[in-house]
Amino acid sequence: VLDSEGNQTGVVLTARDVTDELEDDGDPSRTPMEMLTRARRRVEALAHLLTEIAQWHDGEDIFALLARRSCEILDADSSVVVMPNDAGTMAIRATHNMPDGVVGRSMSRLRFPSALLAMARRDLYYVSEDEAGAGGRELLREGGAKLALLIPLVDGEEALGVLAMARAQ
């Protein structure tokens, strides 16, 4: 937080409880230290991804890079970048490990209520097939998943869209 002269007067911290993720890691033989080390490596990989994005220039589409690298880092099977467009619909801007023909698809915003909620809340949001709305359910089925993690894509105060990541069943 900066004052009117540009001097730092405070900070904004974001935290979330990862206890459930550590406990539900899938490998009961892992020690808490191993789980924390794995989490630390993922955070470092995400920081590296942010550096890649910051240094990005023409070449691979930035949203395709985000979809692909996020899956690699967070062990997801598929991902979709969904963004509102000028026509008042939600457009699929990029995907990773999704069927052909998904990129470029546009649907009514009402078909993606969970994406709109994630953008409004500007926070991670898990959505099940039941809560996903018609468009989200369709994408979950195409990716062979029942649950997705929605990550809002935010630039300053503007919510640009959502990165939805899923693991196959």
Side-chain angles (χ1 to χ4, degrees), residues 12-28 30 32 34-53 60-84 90-99 102-103 105-107 109-169:
V12 176
L13 299 175
T14 302
R16 71 182 174 96
D17 183 359
V18 296
T19 305
D20 292 338
E21 292 174 36
L22 292 176
E23 291 174 354
D24 189 28
D25 188 61
D27 186 353
R30 281 202 176 127
E34 290 171 326
M35 288 185 282
L36 288 172
T37 299
R38 182 174 178 233
R40 186 178 117 273
R41 285 190 192 123
R42 286 182 170 177
V43 168
E44 289 171 354
L46 286 171
H48 181 72
L49 175 57
L50 291 176
T51 301
E52 285 182 56
I53 290 170
E60 183 178 11
D61 176 67
I62 191 70
F63 297 110
L65 171 72
L66 178 65
R68 179 179 53 81
R69 292 283 288 127
S70 296
C71 279
E72 293 168 3
I73 292 167
L74 298 175
D75 297 327
D77 293 317
S78 61
S79 63
V80 176
V81 175
V82 180
M83 302 176 75
M90 298 295 282
I92 299 171
R93 182 70 167 75
T95 65
H96 181 69
N97 285 339
M98 291 292 288
V102 175
V103 173
R105 188 184 304 167
S106 291
M107 296 183 211
R109 290 180 189 215
L110 297 176
R111 293 177 54 93
F112 288 103
S114 52
L116 295 174
L117 180 60
M119 289 172 57
R121 290 175 57 188
R122 289 175 171 65
D123 197 5
L124 301 177
Y125 183 66
Y126 287 96
V127 64
S128 69
E129 192 174 19
D130 294 337
E131 304 164 325
R137 275 192 297 280
E138 185 177 319
L139 291 172
L140 283 168
R141 286 185 195 124
E142 288 182 75
K146 291 196 178 286
L147 181 73
L149 170 63
L150 304 182
I151 303 170
L153 305 174
V154 180
D155 181 20
E157 294 296 316
E158 181 182 5
L160 303 174
V162 172
L163 169 66
M165 300 177 57
R167 278 192 167 166
Q169 299 175 11

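What you see is a predicted model, and the numbers here were worked out from it, not measured in a lab. Values below: all heavy atoms of this structure, side chains included; hydrogens, waters and symmetry mates excluded.
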Task: Close side-chain approach of Pro84 to Arg109, heavy-atom, < 4.5 Å - done: yes
Task: Non-hydrogen side-chain atoms of Leu116 and Met90 separated by less than 4.5 Å - done: yes
Task: Those residues that, when tested against Asn97, pass side chain to side chain contact (heavy atoms under 4.5 Å, CB included) (two or more places apart) - done: Ser78
TODO: Please report the C-alpha distance between Leu139 and Ile92 in whole Å, then the side-chain angles of each, then the deciding distance to 0.1 Å, and finally whether the side chain to side chain contact (heavy atoms under 4.5 Å, CB included) criterion is met.
DONE: CA-CA 10 Å; Leu139 291 172; Ile92 299 171; 3.7 Å; yes
Kindly compute the distance separating [atom1] ([X]) from [atom2] ([Y]), expressed to the nearest 0.5 Å.
X	Y	atom1	atom2	result
Thr95	Glu142	OG1	CD	10.0 Å
Leu163	Cys71	CG	SG	7.5 Å
Phe112	Leu150	CZ	CG	10.5 Å
Leu153	Arg122	CG	CZ	11.5 Å

At their closest point, which heavy atom of [X] faces which heavy atom of [Y], and how far apart are they?
X	Y	result
Ala132	Pro113	O-CD, 3.9 Å
Pro99	Val102	O-CG2, 3.2 Å
Ser79	Ala67	OG-O, 2.9 Å
Arg167	Asp75	NE-O, 2.9 Å
Val162	Ala115	CG2-O, 3.4 Å

Task: Pairs satisfying side-chain hydrogen bond (donor to acceptor under 3.5 Å, both in side chains), at least one member in residues 131-141, at least two apart - done: Arg105-Glu138, Arg111-Glu138, Ser128-Glu131, Glu129-Arg141
